[in-house]
Colleague: 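Take this structure first; my questions come after.
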Amino acid sequence: MRLPIVHITPEQGSVSAIGWAHEIRDLGGLAFILLRDRTGIVQITIPKKKVSEDILTTFKEISRESIISVTGEVKSVDKAPGGREIVPETLTLISRAETPLPLDVSEKVPAEIDTRLDTRYLDGRRPKITSIFQIRSTVQHALREFFYKHDFIEITTSKIVAAATEGGTELFPIAYFEKEAFLNQSPQLYKQIMMAAGFEKVYEIGPIFRAEEHNTSKHLNEATSIDIEVSFATHEDVMDLLEQLICTAYQCVAENCERQLEVLGLTDFSIPKKQFPRLSYADAIDIAARKMEEPIAYGDDLGTAAERAIGEEMGCHYFITDWPTAIKPYYAMPYENEPEICKAFDLMHPKMELSSGAERIHNHDLLRQQISAKGLNPDNFEFYLKPFRYGMPPHAGWGTGAERLITTMLELPNIREAVLFPRDRHRVVP
Ligand code: AMO
């Protein structure tokens, strides 16, 4: 196996290293190449009078971002990155990069996000970008470990479906032989069916597709949803689980990604404190009405301006609970004594919504009624409704946007920064 650059030390004597030519400097009698891999940078120092003709010929052919390999003695040098340099005994050009480069990897020349997304193959070489996705990988690992420890079963449900879950709009139709089909908006119906199937605790981390027209810094047309569903649980139970999970994800990043956080300039990275405040929807509306210029009233959805106003006041992660039944999906359980309010919640970061969830209706007739009340045809939901007739346990769950979790955790200016190949209103390539 090759030696990652971060592990090269002067004590090793002779080493071989391989990576990208990050910077090339020719000072006449002396030349330098900064050799980079995803772990770091090491300096190759070429004293022209002391190295072979072959090395000098190869040096002339190397362009920035070419792949090169080197063997040679490692020496301590104070001024070089990591305090060491390699004086080459051999130098090989393995894969030459054309010039000019479509993007400056060294970040000396700033680039627009569109250019960066078009050239992820270069953008991804930037330490900041690598760090974002290393942290995302750490978070997903932490989530899976958390679910495994809490006895969840990981499920994978179909993304090709015949029915809408979150209402009748925002679906991408697809050509599916002679049938009408869509890309799934949420695993909602399937995770509930698995409660009927007796799985008790399930989770899925997978894609969701939303044909939302708006092109904003927090919406994607293809996002990753972290979904759970738990039998014999209330909305309170799954809210507790959610805040525990968020804290665990932050904790895991703090413990394992110190270098990446430093690269991103997040030296004051802090772990959210439990218990997150629980604010009722009615109180949330009061705050928004007080702080916002535009009018807002009980029964309105919370738009971006309202979310910002309330988030500013709260200043930390918080839940909005007890939503009007009329503005939450049909599957949310209404309070028995006050059915115009339901046991639904949103988890909010001061900047945006992270999750939605609810205790669900487990009574077949009530669910049918709520589907009709939303103007949907219950006959189209027969595959979903039928399981409610054969012993459906009470259950609750939530869905959390993975990209929003990363965007808020790393204070990224745009959700697209948390996705390798974002899909938005204008972008389907690459
Ligand atoms: P909801 O529609 O609120 O709830 O989605 C849950 C979470 O998914 C993320 N999300 C998005 N992220 C980026 N771009 C989008 N277009 C987008 N749409 C959603 C958000 C959001 O909070 N079935 C319910 C969940 C449940 O009750 O279990 C649902 O899908 O972070």
Side-chain angles (χ1 to χ4, degrees), residues 139 143 155 157 159 161 163-172 183-195 201-231 233-235 237-239 241-242 245-246 249 301-304 307 311 317-321 323 325 327-333 342-349 351-361 370 374 384 395-409 412 414-419 422-425 427:
V139 166
L143 301 178
I155 59 168
T157 61
K159 305 305 156 204
V161 297
T165 48
E166 309 300 313
T169 55
E170 299 168 8
L171 280 162
F172 284 112
L183 292 176
N184 205 3
Q185 295 173 305
S186 156
Q188 182 67 35
L189 309 188
Y190 296 100
K191 58 182 186 164
Q192 289 193 259
I193 291 174
M194 294 322 292
M195 297 300 97
K201 287 172 154 190
V202 300
Y203 83 94
E204 177 164 8
I205 302 176
I208 56 169
F209 303 90
R210 311 244 168 149
E212 339 208 24
E213 302 255 342
H214 35 263
N215 213 12
T216 75
S217 59
K218 61 177 186 180
H219 287 95
L220 295 161
N221 292 112
E222 179 180 5
T224 309
S225 184
I226 306 151
D227 268 275
I228 74 156
E229 206 61 38
V230 186
S231 287
T234 64
H235 59 301
D237 294 332
V238 292
M239 281 160 71
L241 209 59
L242 179 52
L245 182 74
I246 299 289
D301 244 325
L302 300 178
T304 301
E307 277 181 11
H317 286 83
Y318 63 100
F319 285 103
I320 303 180
T321 62
W323 285 74
T325 308
I327 57 170
K328 277 289 176 187
Y330 53 82
Y331 46 74
M333 176 73 101
C342 66
K343 299 179 187 178
F345 59 85
D346 282 359
L347 172 67
M348 309 295 297
H349 176 275
K351 295 238 164 72
M352 68 185 84
E353 175 198 311
L354 294 184
S355 329
S356 293
E359 188 173 318
R360 325 292 191 184
I361 295 174
Q370 293 294 94
K374 295 281 176 199
Y384 166 64
H395 59 282
W398 45 251
T400 300
E403 292 81 11
R404 289 196 183 178
L405 177 59
I406 301 299
T407 303
T408 51
M409 178 185 276
L412 303 175
N414 190 318
I415 196 166
R416 289 163 184 76
E417 297 284 0
V419 194
R423 291 292 169 259
D424 62 30
R425 190 82 175 86
R427 187 172 278 281

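For ligands, and for the atoms within them, numbers begin at 1 and follow the listed sequence. All residue numbers refer to positions in the sequence shown, counting from 1.
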Colleague: Backbone or side chain, does any N or O of Gly401 fall under 3.5 Å from an N or O of ligand 1?
Modeller: yes
Colleague: Non-hydrogen atoms of Glu403 versus ligand 1: any pair closer than 4.0 Å?
Modeller: no
Colleague: Counting only heavy atoms not in Lys218 (residues, nucleotides, ligands), do more than 12 fall under 6.0 Å from its NZ?
Modeller: yes
Colleague: Mind checking side-chain contact (heavy atoms from CB on, under 4.5 Å) for Ala402 and listing every partner two or more places apart, or none if nothing turns up?
Modeller: Arg136, Gln140, Thr224, Ile226
Colleague: In terms of atom number and element, which parts of ligand 1 are under 4.0 angstrom from non-hydrogen atoms of Lys191?
Modeller: 26 (C), 28 (O)
Colleague: Does the side chain of Arg404 reach to within under 4.5 Å of the side chain of His219, using non-hydrogen atoms?
Modeller: yes
Colleague: Run the contact test for Lys328 against ligand 1 with a 4.0 Å cut-off on heavy atoms, strictly below, and give the result.
Modeller: no
Colleague: Is Met348 touching ligand 1 with its side chain, its backbone, both, or neither, if touching means heavy atoms under 4.0 Å apart?
Modeller: neither
Colleague: What residues, two or more places apart in sequence or in another chain, satisfy side-chain contact (heavy atoms from CB on, under 4.5 Å) together with Ser225?
Modeller: Ile208, Asp227
Colleague: Could you say whether the N/O atoms of Gln185 and ligand 1 ever approach to under 3.5 Å?
Modeller: no
Colleague: Is any N or O atom of Ser225, backbone or side chain, closer than 3.5 Å to an N or O atom of ligand 1?
Modeller: no
Colleague: Does any N or O atom in Glu229 lie less than 3.5 angstrom from one in ligand 1, N or O only?
Modeller: no
Colleague: Examine ligand 1 and decide if any of its atoms is less than 4.0 Å from a heavy atom belonging to Lys218.
Modeller: yes
Colleague: Could you tell me whether Ser355 approaches ligand 1 through its side chain, its backbone, both or neither, with non-hydrogen atoms closer than 4.0 Å?
Modeller: backbone
Colleague: Taking heavy atoms and a distance under 4.0 Å, where does Asp346 meet ligand 1: side chain, backbone, both or neither?
Modeller: neither
Colleague: Is there a side-chain contact between Ile406 and Val419, using heavy atoms and a 4.5 Å cut-off?
Modeller: no
Colleague: Any N/O of Arg210 closer than 3.5 Å to an N/O of ligand 1?
Modeller: yes
